[in-house]
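Worth knowing before you read on, the calculation uses all heavy atoms, side chains too, and leaves out hydrogens, waters and symmetry mates. Every number for a ligand or one of its atoms is a count from 1 in the order of the listing. If you're wondering where the values come from, they're calculated on a predicted model, not measured in any experiment.
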Amino acid sequence: MSAKYIFVTGGVVSSLGKGLAAASIGCLLESRGLKVNIMKFDPYLNVDPGTMSPFQHGEVFVTDDGAETDLDLGHYERFTHAKLSRDNNWTTGRLYEQIIAKERRGDYLGKTVQVIPHVTNEIKAAMKKVAQDVDVALIEIGGTVGDIESLPFMEAIRQMRQEQGRDHTLFVHVTLVPFIAAAQELKTKPTQHSVKELLSIGIQPDILLCRTDRFLSKEIKNKIALFCNVAEEAVITAKDVASVYEVPLVFATENVDTLVLKSLRMEAKDRDLSKWEDIVHRVYNPKGEVTIAIVGKYVEYEDSYKSLKEALVHGSLAHNLKLHLNWVEAEGLEAGQQACAEQLAEYDGILVPGGFGKRGIEGMLQAIRYARENHVPYFGICLGMQTACIEFARDVCGLEGANSSEFDPATPHRVIYKLRELRGVEELGGTMRLGAWTCKIEPDTLAHRIYGETEISERHRHRYEFNREYEETLTAAGLRISGSSPDGTYVEMVEIPDHPHFIGCQFHPEFKSKPLEPHPLFKTFVGAAYAYGQKRRTDKESTKIEMFHRPEKMGQR
Ligand code: GLN
C-alpha cells in the first residue's frame with residue numbers, strides 16, 4: 001500500500017505554528033491507529049541550522065542519528081511516535097549540495113541541470129523516502145507562500161498531486177484571520193490573498209487552518225469557503241490556546257481528522273485522545289507551583305531553548321504542578337554570591353543549560369556555587385555539567401583558574417578539554433560529538449535511582465569533554481561520576497551525593513522528553529525543586545512565627 005501525503009504550507013505571515021499544526025494532525029491520525037511520519041523542508045540556503053545563531057533560528061534540535069535540525073522536529077517528536085532522522089529535515093542548501101556533488105561526478109550525463117526537473121525530483125525523492133512503511137507522510141514546507149526560496153518546494157508538491165492523485169495527496173494551508181480592533185471585525189482578506197498566491201502556482205488548498213484569537217462564525221467560514229474555493233467544513237478555527245498540547249484537542253473539536261480521512265479516502269478506528277485530555281486537564285488543574293531559574297545566555301530569546309522549556313513543562317505536569325520559568329541572564333550574576341542571593345533566592349531549582357562561548361560563564365559558575373552551597377536543587381545540561389565540574393574544581397578542590405579550554409585555552413587546570421582533538425578526531429572532520437550514544441550508569445547513584453537502569457542512550461551535541469586526569473582530585477573531594485561511555489572514555493554524568501539534588505549530564509535529555517513520557521531527569525529535578533520550595537516556604541513561615549513570638553517569650557523570662 002502506498003502512503004498518503006499531507007502537505008502543510010503557510011501564508012500571510014510566518015510564526016503561525018505550521019510545525020505545531022503538522023505535529024497535531026500527526027497526533028490526531030495516530031490517535032486513530034494510523035502510522036505517520038513527518039518531515040520539514042527549510043527553503044533557506046544554509047546546509048543545516050547547526051551553524052546558525054540561536055537568536056535567528058532558535059534551537060538546533062538533534063536527532064538520534066546526530067542530525068542538527070529545525071526546532072519543528074522537536075514538536076514532531078513530542079506529538080507523535082515518528083522516528084526522525086536526517087531524512088526528516090532538508091534545506092535548500094543540503095539539496096543543492098547533493099545535486100552539485102552529483103553534477104561533479106557526471107551523474108547527469110552532460111545534461112543541463114535545472115530547478116525543474118532536477119531539484120524538484122530530488123525534493124520528491126526525499127518525500128517518498130520518509131513515506132516508506134507509514135500510512136501517512138506529513139510534509140511541512142517552511143517559509144511563507146510567495147517567498148522566492150520556497151518556489152521549488154511548492155512546485156514539487158504541485159507535481160506530487162499530479163503524480164500520486166487526488167486520493168493520495170492533501171493540501172493544508174495555515175493562514176491568519178486577524179481581529180481588527182478598530183473595526184471590531186475578523187478580516188478574511190489576508191487569507192483570500194494567500195490562497196490566490198497558492199492558486200497562482202497551481203495549488204488549490206483542501207483545508208484551511210485559520211489562526212485566530214476567537215472562534216470563526218458560520219458566516220465567516222462561509223465567506224472564506226466561497227472566496228477560497230474550499231468546502232465550508234474545511235475552514236478550521238485554529239484558535240490560540242494557552243498550552244500547545246491543547247492543539248490536537250482543538251483540531252479534534254473541529255473534526256480535522258475526519259476531514260483528512262474523508263479527503264484521502266481512508267478508513268481508521270475511532271479516535272482516542274484520552275491521554276492528551278489528561279495532559280491538558282493537568283495544565284488547567286495544577287495542585288501546586290514550582291519556580292525554576294534557567295541561568296544562561298540567549299535567555300531573552302525563548303526559542304533558543306524550546307525543547308528544554310517543554311521538558312520542564314513535562315516534568316512539572318508529571319507532578320501536577322504549574323511551572324514558573326524564569327530566564328536569568330548569567331552575566332548579571334558575575335558580581336558574586338551576593339548577586340546570586342539577591343536574584344536566585346526565590347527559586348526552587350536552578351538549571352544551567354547547554355551553550356557555547358565564553359560570555360556569561362563566570363556568572364553560571366556563581367549560580368552553581370550558590371546552588372551547591374545552599375542545597376538548592378541543581379541540574380546542569382551539557383555546558384551546565386561542564387561548568388559544574390569547573391566550579392567544583394575551583395571552589396571545592398582549590399584548583400585556582402580551573403576552566404574549560406573552550407573559555408581559557410591557557411588555563412592551568414583544563415578540567416574540560418577537547419579529548420577527541422587529542423585522539424585525532426578533528427582531522428577526520430568530526431568536530432562535534434553528535435547524536436545518540438550509550439551511557440553506563442553506576443549503581444547506587446542518584447542517576448541510577450532516576451533512570452532505574454544501568455544502560456541508557458541519550459543525544460549529544462558538544463565539542464569538549466571532562467578531563468579524566470582530574471577525576472581522582474574531584475572525586476576524592478566528593479564529586480561522583482555516575483555515568484560514562486561504555487568504554488570509559490567519556491564522562492557523561494556527575495553528581496554530588498552530599499547534596500539533595502545536584503546532577504549534571506553531558507548529553508541533552510530535553511530532546512527525548514514528551515508530554516506523555518516525561519523524561520525522568522526532568523521529572524526528578526522538578527520533584528526535588530518542589531520539595532525544596534515547600535521546605536523553604538515552611539522554614540520562612542516558622543522564622544516569621546519565631547520572630548513574632550520572641551518578644552513575648554523574652555517578656556515571660
Ligand atoms: N560548549 C560546550 C561544548 O562544546 C557545551 C556544548 C553544549 O552545551 N551543547 O562542549
* Asked: Between NE2 of His75 and CG of Asp70, what distance do you get to the nearest 0.5 Å?
  ->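 Output value for this atom pair is 8.5 Å.
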* Kindly assign one of parallel, tilted or perpendicular to the pair His460 and His462, based on the angle between their ring planes and the thresholds 30° and 60°. =>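 Rings of His460 and His462: tilted, 30 to 60°.
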* Asked: Contact residues of ligand 1 with a heavy-atom cut-off of under 4.0 Å?
  ->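 Ligand 1 is contacted, at a heavy-atom distance under 4.0 Å, by Gly354, Gly355, Phe356, Cys382, Leu383, Gln386, Glu406, Arg461, His462, Arg463, Tyr464, His508.
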* To do: Sort out for me which residue in Glu492, Glu77, Glu510 forms a salt bridge (charged side-chain N to carboxylate O under 4.0 Å, His left out) with Arg459.
  =>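 Per the salt bridge (charged side-chain N to carboxylate O under 4.0 Å, His left out) rule, the option paired with Arg459 is Glu77, out of Glu492, Glu77, Glu510.
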* Asked: Hey, is NZ on Lys512 packed in by over 12 heavy atoms from elsewhere, all under 6.0 Å?
  ->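 Counting neighbours around NZ of Lys512, more than 12 heavy atoms of other residues, nucleotides or ligands fall under 6.0 Å, so yes.
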* **Residue list, salt bridge (Lys or Arg N to Asp or Glu O under 4.0 Å) with Glu289, at least two apart or on another chain** =>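 Checked Glu289 against salt bridge (Lys or Arg N to Asp or Glu O under 4.0 Å); zero matches.
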* Asked: Just checking, is any N or O donor in the side chain of His324 or Glu346 under 3.5 Å from an acceptor N or O on the other one?
  ->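 Their side chains do not contain a donor-acceptor pair, so the 3.5 Å distance test is not met.
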